[in-house]
Amino acid sequence: MSTEDETTTPTNFIRNIIQADLDSAKHAAVQTRFPPEPNGYLHIGHAKSICLNFGIARDFNGKCNLRFDDTNPEKEEEEYVHAIINDVKWLGFEWSEEHYASDYFQQLYDYAVVLIKQGKAYVDSLSAEQIREYRGTLTKTGIDSPDRNRSIEENLELFAAMRAGKFEDGKYLLRAKIDMASPNINMRDPALYRIKRAHHQRTGDDWPIYPMYDYTHCISDAIENITHSLCTLEFEDHRPLYDWVLDEIKTPCHPQQIEFARLQLKYTITSKRKLNQLVTDNHVVGWDDPRMPTISGLRRRGYTPASIRDFCNRIGVTKKDSFIEVAVLENSIREDLNEHAVRMMAVLKPLKVTIENYPEGQVEELTAKNHPQKEEMGTRNISFSKTIYIERDDFLEDAPKKFFRLSVGREVRLRYAYYITCTGFVKDENGDVIELICTYDPATKGGSSPDGRKVKGTIHWVSADHAIDATVNLYDRLFTHPNPAACDDFTEHLNPESLTVLNNCKLEAALANASTDIHYQFERVGYFVKDNKTKNLSFNRTVTLRDTWAKLDKQNQ
RNA sequence: UGGGCCGUCGCCAAGCGGUAAGGCACCAGGUUUUGAUCCUGGCAUGCGCAGGUUCAAAUCCUGCCGGCCCAGCCA
């Protein structure tokens, strides 16, 4: 198995910190964790975090846990847990231990009691709205709640009653007693526990109260002996609270929280809420729609785990807000697929070609390479006959000089077959070219001529009688705006051409046995993978080939 | 406007006081039975700006400017 991308992971500021901690013997071994909330599918942004956390564990001989941050039963579902497990495995990582924050509910509760006994937490009866008012603003300090000095005994009683399910949602709230005048709003007596009489997918109806993220996360990390707790930049302001909780309850382990910038990809949305909306409002067909930036969508699109890991290695890890260009992701998948994809011939928009001087009824078996540079990938046979299909784009009635393809009087090479020269064409009543008439040179079998004459262009083709029919899905970016998330309504910037379905594609016969886990290059067209959800033979375009001609053509217009 | 964080090539990103790595993109050539791949070369007298310290500053100091995040009983 290739571990190329794993041995070349560049260093970054977090790896440097960890290396220093290991060198100074602050830690004997590193322990990280990947902590998704099971409220949606994993996306390319999560891949960055996964590669960071699991990659560090791997490279420093440490361990990485998978922990579900399942403290909000109203938004979380078991389906997501399964999908997340599947995606992390597919990306190629194995966790040391699998945990759920909900497994710590009792310990979390016990620690809360400890805080109350220390006079560091209190039960507040203010309404949500009042709490907002009392909190103050960015420039105005907050005001103490009237309940702030409730006695420890009373707090203990009320919290026990909360836990016993005696109150309605929102009636009381357990808060940390820190500092209502703190310039950091997160320290103005943050909520620790809320009453939420909701059914939890793992703990059922055991708990009518659920702990908040800030309180849960740090303790969960401490319980698991995490050494470095890596999270995204927006939690930077929460770090003082993370440290406060662990300092107050005096856990033997106090992980170091380190923040890094989340991935932002141009023309892409990476917000579970918004991705969920795309699915719910049917802008796409499911979380694994090949246009989605989800791991499952990328997988169905034909991206490989190695290409995603390579991408994560290339983009780096820093604290700087950045926007990665889609070209970087495309480069990663092209590099992998160029190396591993099996070459095939497929005509997406067929144009019939009749080779006048080729014997009627004759069929020849020609040999084609499965990879032009890798002999070990072998060869296959393809049938050639009098009537073939070529790509519509490979013929132009009025062709510019630099157009190295077919036009009346021009000669091209049919890949692995013969040189043909166009002698005429047939149009239908609309004036559209529907058939080409060509002649072939029998001496050029295999694609080279004994007289050494050169043809500038080589085009792909497929024998009409031997081709198989298939549907091909062409995907383009889902959004037309480079930063849809920043727009008032991101759905207004959906690309109407994000999916083009081609129903009359003609593929070489070998593709009848295509497998969903083999990646193909349709020569001169792009990389494709068989769709794993459709009954009829159908292929998804992963990414196009680089197309210098298309670029030149565009520049000339 | 309180607090936190960030500004090195179009997009990423090394650099941590000794005179600007690398990748993507782009440009120019070469090879090629995929206008693919591959190969060669080009691409920051400059590190947000302005001062200062120093023999020497992207790196240290001061002051500005710009951007991002925080006022959920979400994570």
Side-chain angles (χ1 to χ4, degrees), chain A residues 10-12 16 35-37 39 69 71-72 74-76 124 126-128 131-133 135-142 169-175 182-188 190-196 209-210 212-214 216-217 231-240 259 261 266 272-273 313-332 334-335 338-339 343 345 368-369 371-373 402-405 412-417 419 444 446-448 455-460 521-526 544-553:
Chain A
T11 191
N12 55 55
N16 292 344
E37 181 190 11
N39 67 341
D69 228 321
T71 58
N72 187 359
E74 287 166 340
K75 291 184 177 173
E76 296 151 7
D124 201 343
L126 250 29
S127 69
I131 285 189
R132 198 185 321 124
E133 286 163 7
R135 185 155 37 222
T137 68
L138 296 179
T139 51
K140 215 172 67 191
T141 61
D169 288 14
K171 174 81 176 161
Y172 289 104
L173 184 70
L174 182 73
R175 292 228 258 169
S182 172
N184 180 348
I185 290 183
N186 296 115
M187 299 299 272
R188 317 238 263 233
L192 262 26
Y193 265 92
R194 75 283 216 189
I195 299 172
K196 201 186 274 277
I209 57 172
Y210 290 95
M212 299 291 292
Y213 165 84
D214 285 310
T216 308
H217 205 90
C231 63
T232 44
L233 250 30
E234 68 270 26
F235 292 105
E236 218 153 18
D237 291 339
H238 295 240
R239 195 182 342 129
E259 310 84 11
K266 286 185 182 174
K272 278 196 273 186
R273 206 205 94 237
N313 281 167
R314 284 172 192 266
I315 59 175
V317 178
T318 67
K319 299 191 70 147
K320 190 168 93 180
D321 285 305
S322 58
F323 255 93
I324 310 294
E325 291 180 341
V326 180
V328 181
L329 216 208
E330 292 186 338
N331 175 69
S332 289
R334 283 195 183 111
E335 209 167 82
N338 175 55
E339 182 81 5
R343 312 292 130 126
M345 289 208 283
K369 292 178 179 174
H371 187 114
Q373 281 86 224
K402 292 273 195 178
F403 186 75
F404 308 140
R405 308 180 193 179
V412 300
R413 169 169 37 236
L414 291 178
R415 176 138 241 227
Y416 298 123
Y419 286 8
T444 58
S448 58
V455 288
K456 193 78 174 137
T458 299
I459 64 174
H460 57 104
Q521 181 195 104
F522 291 173
E523 294 206 38
R524 301 210 310 133
V525 180
T544 61
L545 251 33
R546 282 198 183 83
D547 192 346
T548 309
W549 166 249
K551 198 156 65 182
L552 288 173
D553 199 35

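Keep in mind that what you see is a predicted model, and the values were worked out from it rather than measured. Protein chains get the first letters and strands the later ones, always in sequence-line order, with residue 1 at the start of each. In what follows, every heavy atom counts, from backbone to side chain, and hydrogens, waters and symmetry copies are set aside.
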Please confirm whether any donor atom in the side chain of [X] sits under 3.5 Å from an acceptor in the base of [N], or the reverse.
X: A/Glu339; N: B/U37; value: no
X: A/Arg132; N: B/G72; value: no
X: A/Asp237; N: B/G3; value: yes
X: A/Arg334; N: B/U37; value: no

For this session: Answer yes or no: are there more than 12 heavy-atom neighbours, outside A/Lys319 itself, under 6.0 Å from its atom NZ?
Result: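 Check passes, neighbour count above 12.
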Can you tell me the Watson-Crick or wobble partner of [N], both distances under 3.5 angstrom?
N: B/G29; value: B/C39
N: B/U1; value: none
N: B/A50; value: B/U62

Taking only N and O in the side chain of [X], is any of them less than 4.0 Å away from OP1 or OP2 of [N]?
X: A/Arg524; N: B/G35; value: yes
X: A/Lys320; N: B/C12; value: no
X: A/Arg546; N: B/A25; value: yes
X: A/Arg314; N: B/C11; value: no
X: A/Lys551; N: B/A25; value: no
X: A/Thr318; N: B/C6; value: no
X: A/Arg135; N: B/C73; value: yes
X: A/Thr458; N: B/U32; value: no

Exercise. To the side chain of A/Phe403, which of B/A25, B/G35, B/A71 is closest?
Worked result: B/G35
Exercise. What nucleotide among B/U34, B/C69, B/C68 has an atom nearest to a side-chain atom of A/Glu234?
Worked result: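 Closest nucleotide to the A/Glu234 side chain: B/C69.
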If we take the [atom1] atom in both [N] and [M], what is their distance in whole Å?
N: B/G66; M: B/G48; atom1: C1'; answer: 7 Å
N: B/C68; M: B/A28; atom1: C1'; answer: 39 Å
N: B/A50; M: B/A58; atom1: C1'; answer: 16 Å

Exercise. When you check the glycosidic angle of B/G29, does it come out syn, meaning within 90° of 0, or anti?
Worked result: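 For B/G29, whose glycosidic angle is more than 90° from 0, the conformation is anti.
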For this session: Answer yes or no as to whether B/G35 has its base stacked against A/Trp549, where stacking requires a ring-centre separation under 5.5 angstrom and planes under 30 degrees apart.
Result: yes
